[in-house]
Each structure stands twice: as C-alpha cells, then as structure tokens.
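First the proteins, then the strands, lettered A, B, ... as listed; each starts at 1.
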Amino acid sequence: MSKILVLAEHDGHQLKIASRQAVTAAQAFNGGVDLLVVGADTAAVAASAAQVAGVARVLRADAAHLAHPLAEDVAALVLSIAGEYDVILAGHSHFSKNVLPRVAALLDVAMPSDVIEIQANNTYVRPIYAGNALLTIQSQDPKQVLTVRGTRFKAAVAGANVSGAVAEIATVAVPAATGAARWVSEEKNVGDRPELGEAPVVVSGGRSLGERFEEVLGPLADKLHGALGATRAAVDAGFAPNDLQVGQTGTIVAPDLYIAVGVSGAAQHLAGIKDSKVIVAINHDPDAPIFNVADYGLVADLFETIPALVKALG
Amino acid sequence: MKILVPVKRVVDHHVTISVKPDGSDVDIAGVKMAINPFDEIAVEEALRLKESGQATEVVAISIGTAASQDVLRHALAMGADRAILLETDAELQPLGVAKLLKAIADRETPQLLIVGKQAIDGDAGQVGQMLAALLGIGQATFASTLKIADGEVEVAREVEGGIETVAIKLPAVVTADLRLNEPRFVKLPNLMMAKKKPIETIAAADLGVDFTPRLKRLSVAEPQARAAGVKLNSVEELVAKLKNEAGVL
C-alpha cells in the first residue's frame with residue numbers, strides 16, 4: 001500500500017479543479033491520499049478540501065511567508081515531509097511546474113511531467129514534441145514525483161467524500177523561509193469570466209481579429225459563460241493578454257465546447273485543445289488546418305458571423 | 001557578472017516529426033536541427049544584459065555529441081563570448097542534465113544562469129528548477145521581463161491568470177518564456193567570425209557525475225487523431241447542431 005501526497009492549489013476558499021483532478025490521478029497508485037494545502041491561513045480551504053472524494057487526510061501548512069508561496073519555500077516544505085511518502089503528485093500547473101522539479105532534484109529522482117496516463121509498475125504516458133508523439137516511460141526510482149495533465153483525469157467530486165465522511169485535518173510544521181527569494185507583486189487579470197483552464201466553454205481567437213479581439217469575442221464568451229482564449233499569434237501581436245494563450249506552451253484546455261474563431265490551427269495550438277469535447281471552427285479560409293479537427297465548421301467572415309451567433313443564441 | 005546559458009540542439013520547430021514504424025522513438029534522421037527556441041531567447045537576454053553593461057561575460061554550454069557544436073556556434077554568432085561542449089553520446093534526461101550543468105556552474109561560478117523554460121522535444125520543463133535546487137539557489141521560472149538591481153534579479157513571471165513578480169538573490173536561475181525578448185537575426189559575417197571563437201570540449205563522463213537515465217523509455221506512439229467533422233452553411237444550422245446533436249448548449 002503506497003502513501004501518496006498531492007500538492008494542492010487553491011484560491012483561498014476551495015481547491016482548484018486541477019487539484020481535484022490530481023486527486024483522481026493519485027487513486028491509480030492504490031493507497032491513501034494526503035492533500036497538502038499551503039498558505040497563510042488555510043482553515044477554510046482545508047475544511048472544503050476535507051470533503052473532496054478520495055482524500056484521506058488534509059495537511060495544513062500555514063505560515064505568514066506562504067501567503068504568496070515561493071518555489072524555494074514550498075519545495076523545502078514538501079521535502080520536510082517527503083520521507084513519509086512513496087508518491088508526490090500535483091497538477092501540471094505553473095505552480096507545480098515551479099516547485100516539483102526542485103523537490104525531485106533534491107530527492108535525486110527523475111520526474112515524469114504532464115503525465116496523461118498512469119499505468120501499473122510506475123509506468124507513465126506523456127506527450128513530447130508538442131503533443132505530436134506520446135512517450136511511455138517507466139521510472140526506475142524508488143520514489144515517484146510527477147505532475148499530471150488535469151484535463152485527462154475526471155475531477156474528484158467536491159463536497160462528497162465517500163459516505164459523507166470528512167477527511168482528518170492535520171497541521172504540519174513549516175520550515176523557516178529560505179530567504180533566497182521574495183514575492184514582490186502580482187497583476188491578476190480581473191473579470192467575471194471563468195479561468196481558462198477550468199471553463200466549460202472557451203471562445204478562442206486568432207490574429208485576424210486584430211484590435212477588435214475583445215469587442216467581437218467578449219460578447220460571445222459572456223453569452224456562453226465561457227472563458228476567452230487566444231492563439232500565440234494573437235498574443236504576440238498584442239491583441240490579447242499573455243495568459244489567454246492556448247496551446248502546448250500556453251494553457252491546455254479540454255472544455256465541453258471550444259469555439260475557435262479565426263484560428264488557423266497550428267500544431268502547438270491543436271495540441272492544447274484536442275481533448276475538448278466539441279470543437280467548432282469559424283474561419284474565412286476553407287483550407288485552414290483547424291477544420292481537420294473541428295466537429296463543426298463554418299467558412300464565413302468572422303466580423304459578421306460572431307455577432308450573428310451571439311444573436312442566434314438568444 | 002558572468003552569465004551561463006545552456007543551449008540544446010533540437011529538431012527545428014518548423015519540422016513536423018513522425019514516429020518510427022517500430023515505435024521505438026521519433027524519427028529524426030535527416031531532419032533539420034536548430035537551437036531550442038527558448039534557449040535562443042535565453043542567449044538573447046544574456047547578451048542584452050552584457051550590452052547594457054550589467055554583465056561582463058556570456059558563456060554558452062551544450063551537452064551532447066559533437067553535432068551540438070552547431071548550436072554553440074549559433075550562440076557565439078549571436079554574441080556569446082565563449083562556449084563549452086560537454087561531449088557524450090549517452091541518452092540525456094533532465095535530472096542528469098541538471099547534474100552536469102551544476103558541475104560546470106561550480107567551476108564557472110556564474111552570478112546568473114538563464115535557461116530556456118523547456119526544450120521543444122522532450123517538453124519536460126525541469127532543468128532550470130532542478131539546477132537551482134542542486135546549486136542551492138533561488139529561481140524565477142517563466143520570465144517575461146527581467147532586471148538586475150541591488151544583488152537581486154527581479155522577474156515578472158507568466159502564471160495562470162496574470163503576472164507574478166518575484167525578486168531572487170544572486171546567484172540565481174531564471175527560465176526564459178516566449179515573450180522575454182525576440183532574439184536577433186544572426187548575420188552571415190557573424191557566423192563566420194563565430195568559427196574563430198573558442199569551444200572548449202570536455203568529456204561529460206570525466207566530470208564524475210552520474211547522469212544515467214532513470215526513466216526507461218518503453219515506446220513512442222502517434223497520438224490518436226481527431227476526426228474532421230462537418231462543414232455547416234449557416235449560424236442557425238450551427239446553433240441547432242450544438243443544441244440538438246452535441247448537446248453542449
């Protein structure tokens with residue numbers, strides 16, 4: 001029986017979907033799953049996390065210096081309890097990508113990252129070459145440290161632990177801040193739209209929307225209660241903010257509905273959307289590669305079609 | 001201030017790769033190779049720090065066979081002062097690469113190490129963080145801007161939902177994201193001149209570092225392709241399909 005630690009992410013109130021997806025992935029190791037919640041005051045998150053299905057124990061790591069957790073400090077914290085665990089796992093987010101390679105290096109183990117499938121005997125499948133090939137690897141290390149692609153695992157149900165049971169909540173000692181780094185500031189793109197990686201509907205635009213990116217696509221995203229996404233070209237041209245970039249080097253999405261507007265369909269973009277349930281492509285170019293992966297295609301002028309679509313949706 | 005920049009030779013990002021019929025690996029025979037794009041951004045950032053007087057020397061380093069000299073020549077042609085090749089024909093994985101780079105960092109003692117955030121072949125995105133951990137120093141990953149002040153490097157990091165700014169004490173590792181800069185175009189005369197700049201070759205096996213792969217490669221497969229769907233004629237038809245057929249509205 002393995003002992004598994006999932007490094008969680010949260011918004012101060014509840015776990016991010018990626019962490020609940022990681023909890024589901026963790027069940028593949030057939031053992032007890034502890035969830036580590038890091039922050040300045042994690043009482044509320046821990047109470048909510050304790051009700052997530054499949055969580056045996058929630059570990060609270062509270063310290064003033066963890067209000068904005070830094071890789072150096074979180075890695076030191078994970079290492080301080082790593083001895084108790086056979087598997088350390090997290091969603092493949094910016095947070096975990098920052099922290100877990102540090103942990104793996106100091107434990108002297110190799111780290112499979114962005115794992116899409118967990119098989120028996122520490123064997124994993126992960127995409128390489130921007131998703132153009134799938135590599136199957138088997139770890140030779142005694143301890144497993146990995147990140148998983150959340151969209152490949154169904155999120156563990158929140159507020160529904162088995163038979164209404166609530167996981168035990170324990171507190172862990174937090175090592176002193178390393179002092180190697182300090183948090184300066186953050187600029188969050190505020191708005192009422194859901195986060196790109198978590199939204200059930202994503203409306204994504206390419207460079208051809210130009211300066212009218214938000215004006216044309218915003219109303220459609222809002223009508224569908226979806227998030228906005230963008231191609232690398234649209235971001236590079238300054239038509240959309242960086243964090244909207246969808247693709248292998250941006251955010252990987254798998255919504256129920258992905259609407260690609262004026263998106264040509266570059267390989268690295270397609271790698272980031274191919275797990276979407278339904279893909280709609282709207283493009284004036286009938287030969288755009290996006291049509292090869294879209295369930296529904298419309299060859300049409302974007303600037304006329306999108307307002308018409310918003311209207312047709314009522 | 002000395003800056004160390006690791007560069008990797010990868011399949012050119014314009015090339016669409018294919019998987020070998022026997023499923024053993026990706027077929028890269030005869031394929032165009034190039035410097036990993038994120039590493040090129042890292043070299044560019046190091047050069048800009050030197051050109052603005054904040055750095056004194058830029059050292060490029062690569063690990064691999066003698067073929068990796070071409071990406072070192074590219075870094076030299078961009079303006080790097082010298083280059084080191086850790087020569088080996090063994091399979092390399094991120095942990096082993098980080099250990100080899102640590103051995104060189106211990107010798108070169110750079111104040112700043114700028115590393116591409118990931119290589120576009122393996123897509124692991126680990127070397128910078130592992131290297132910082134092994135060196136016992138701080139890190140700033142996914143950098144979109146970088147400035148040096150008062151013994152620290154201040155970095156704006158691209159994270160979910162926005163930008164986070166952190167300041168790391170030097171020496172530090174920074175990993176370069178796409179928008180940190182746009183690398184300069186290398187002109188032919190510079191490439192010719194780069195041929196005269198020194199590349200120091202060291203046998204990786206002589207560094208006393210165990211870089212044996214820990215992840216056994218079992219197979220490589222093509223991903224399942226999505227089938228193309230249908231082209232529709234009107235917005236009304238699209239809405240009807242989404243409502244009645246796909247059931248996503």
Side-chain angles (χ1 to χ4, degrees), chain A residues 70-72 75 93-94 97-98 101-102 105-106 109-114 123 127-141 180-189 195 197 242-243 249 256-257 267 274 277-278 280 291-299 305 308-309 312-313, chain B residues 11 16-17 19 26 93-95 98 120-126 129-130 132-134 137-142 144 154 157-169 178-179 213-223 226 228-232 235-236 238-239 241-242 246 248-249:
Chain A
L70 295 161
E72 297 77 5
S93 63
H94 282 90
K97 286 191 268 187
N98 199 24
R102 270 190 97 93
L106 294 173
V109 304
M111 176 178 150
S113 57
D114 201 13
T123 301
I128 55 174
Y129 287 92
N132 287 310
L134 300 178
L135 171 66
T136 303
I137 43 177
Q138 183 176 39
S139 169
Q140 313 291 300
D141 286 310
R182 64 188 173 86
W183 183 85
V184 177
S185 64
E186 70 183 350
E187 271 175 63
K188 289 281 178 191
N189 296 319
E195 208 169 287
N242 294 358
D243 64 302
T249 55
D256 292 334
L257 176 59
K274 63 188 174 63
K277 193 169 152 208
V278 173
V280 172
F291 287 118
N292 298 333
V293 300
D295 300 282
Y296 302 111
L298 207 51
V299 181
T305 306
L309 180 56
L313 288 167
Chain B
V11 172
T16 305
I17 54 96
V19 172
V26 166
Q93 293 182 351
L95 180 63
I120 61 164
D121 48 4
D123 283 334
Q126 300 172 357
Q129 299 89 309
M130 287 182 158
L134 296 176
I137 62 178
Q139 70 187 41
T141 49
F142 323 126
S144 66
E154 190 175 296
R157 307 178 54 234
E158 295 201 15
V159 296
E160 283 97 356
I163 294 283
E164 177 187 61
T165 303
V166 294
I168 317 290
K169 273 186 193 153
L178 266 183
R179 281 167 281 271
R214 307 282 189 79
L215 300 172
K216 189 175 167 192
R217 296 168 65 99
L218 301 183
S219 64
V220 176
E222 301 259 8
R226 262 186 101 101
V230 289
K231 283 209 177 107
L232 308 174
V235 164
E236 290 69 32
L238 173 62
V239 172
K241 288 277 189 194
L242 292 178
V248 288
L249 286 185

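- Interface summary for chain A: among B:Ala133, B:Ser144, B:Gly125, the most heavy-atom pairs under 4.5 angstrom belong to B:Ala133.
- Of the atoms belonging to A:Asn98, heavy atoms from both backbone and side chain fall under 4.5 Å from chain B.
- Of the listed residues (B:Glu222, B:Glu154, B:Gln93, B:Glu164), the one with the most heavy-atom contacts under 4.5 Å to chain A is B:Glu164.
- In this structure, the side chains of A:Tyr296 and B:Val230 come closer than 4.5 Å at one or more pairs of heavy atoms.
- With sequence neighbours excluded, the residues that form a ring pair (Phe, Tyr, Trp, His ring centres under 6.0 Å) with B:Phe142 are A:His94.
- Under the 4.5 Å side-chain criterion, counting only non-hydrogen atoms from C-beta, B:Ile168 is not in contact with A:Leu70.
- Ranking B:Ala228, B:Ser219, B:Gly138 against chain A, the residue ahead of the rest is B:Ser219, based on heavy-atom pairs under 4.5 Å.
- With rounding to the nearest 0.5 Å, the separation of CD in B:Glu236 from CG in A:Leu309 is 9.5 Å.
- The heavy-atom pair separating B:Val235 from A:Thr305 by the smallest distance is CG2-CG2, 3.6 Å.
- In this structure, chain A has no heavy atom under 4.5 Å from any part of B:Ala98.
- Taking every heavy atom of both residues into account, B:Arg226 and A:Val293 meet most closely at NE-O, 3.2 Å.
- Side-chain atoms of A:Asp114 and B:Asp123, non-hydrogen and from C-beta on, never get closer than 4.5 Å to each other.
- Residue A:Glu187 touches chain B through both its backbone and its side chain, counting heavy-atom pairs closer than 4.5 Å.
- The choice from A:Met111, A:Lys97, A:Glu186 that makes the most heavy-atom pairs within less than 4.5 Å of chain B is A:Met111.
- A pairwise comparison of heavy atoms in A:Asn132 and B:Pro223 identifies O-CD, 3.2 Å as the closest pair.
- In terms of non-hydrogen atom pairs under 4.5 Å with chain B, the most contact-rich of A:Leu135, A:Leu106, A:Val299 is A:Leu135.
- Taking both residues in full, the closest heavy atoms of A:Ala312 and B:Val239 are given as CB-CG2, 3.9 Å, listed atom of the first, atom of the second, then distance.
- Within the 4.5 Å cutoff, the side chain of B:Leu95 has no heavy atoms near those of the A:Val109 side chain.
- With respect to chain B, the highest number of heavy-atom pairs below 4.5 Å among A:Pro101, A:Ala294, A:Ala75, A:Ala105 belongs to A:Pro101.
- With a 4.5 angstrom heavy-atom cutoff, A:Glu72 touches chain B only via side-chain atoms.
- Contacts of A:Ala110 classified as side chain to side chain contact (heavy atoms under 4.5 Å, CB included), with partners at least two apart in sequence or in another chain: A:Asp141, B:Arg214, B:Leu215.
- With chain A as partner, the option from B:Val26, B:Val166, B:Asp121 having the largest number of non-hydrogen pairs under 4.5 angstrom is B:Asp121.
- Summarising the local packing, NZ of A:Lys274 is surrounded by more than 12 heavy atoms from other residues, nucleotides or ligands at distances under 6.0 Å.
- Of the two parts of B:Ile120, only the backbone, made up of N, CA, C and O, holds a non-hydrogen atom closer than 4.5 Å to a non-hydrogen atom of chain A.
- Chain A forms the most heavy-atom pairs under 4.5 Å with one residue out of B:Thr16, B:Val19, B:Ile137, and that residue is B:Ile137.
- Both the backbone and the side chain of B:Arg217 come within contact range of chain A, judged by heavy atoms closer than 4.5 Å.
- Distance check: A:Gln138 CD to B:Lys216 NZ gives 6.0 Å after rounding to the nearest 0.5 Å.
- In terms of modelled atom types and a separation under 3.5 Å, the side chain of A:Lys188 and the main chain of B:Glu160 share a donor-acceptor contact.
- Among A:Ala181, A:Ala71, A:Ser185, A:Pro127, the residue with the largest count of heavy-atom pairs under 4.5 Å with chain B is A:Ser185.
- Here the side chain of A:Ser113 pairs a donor or acceptor atom with the backbone of B:Ala124 at under 3.5 angstrom.
- No other option in B:Leu134, B:Leu238, B:Val11 has as many heavy-atom pairs under 4.5 Å with chain A as B:Leu238.
- Closest approach of B:Gln126 and A:Pro112 over heavy atoms only: NE2-C, 4.4 Å.
- Among the candidates A:Leu134, A:Ile128, A:Thr123, the residue making the largest number of heavy-atom pairs closer than 4.5 Å to chain B is A:Leu134.
- Taking CG of A:Asp256 as the start and CG of B:Leu242 as the end, the distance is 11.5 Å to the nearest 0.5 Å.
- Neither the backbone nor the side chain of A:Ala267 comes within less than 4.5 Å of any heavy atom in chain B.
- Counting heavy atoms from C-beta outward, B:Val248 and A:Lys277 have side chains that approach closer than 4.5 Å.
- Contact record, B:Ala167 with A:Val184: N-CG2, 3.7 Å, taken as the closest heavy-atom pair.
- Residue B:Leu178 holds its CG atom at 9.0 Å from CG of A:Asn242, rounded to the nearest 0.5 Å.
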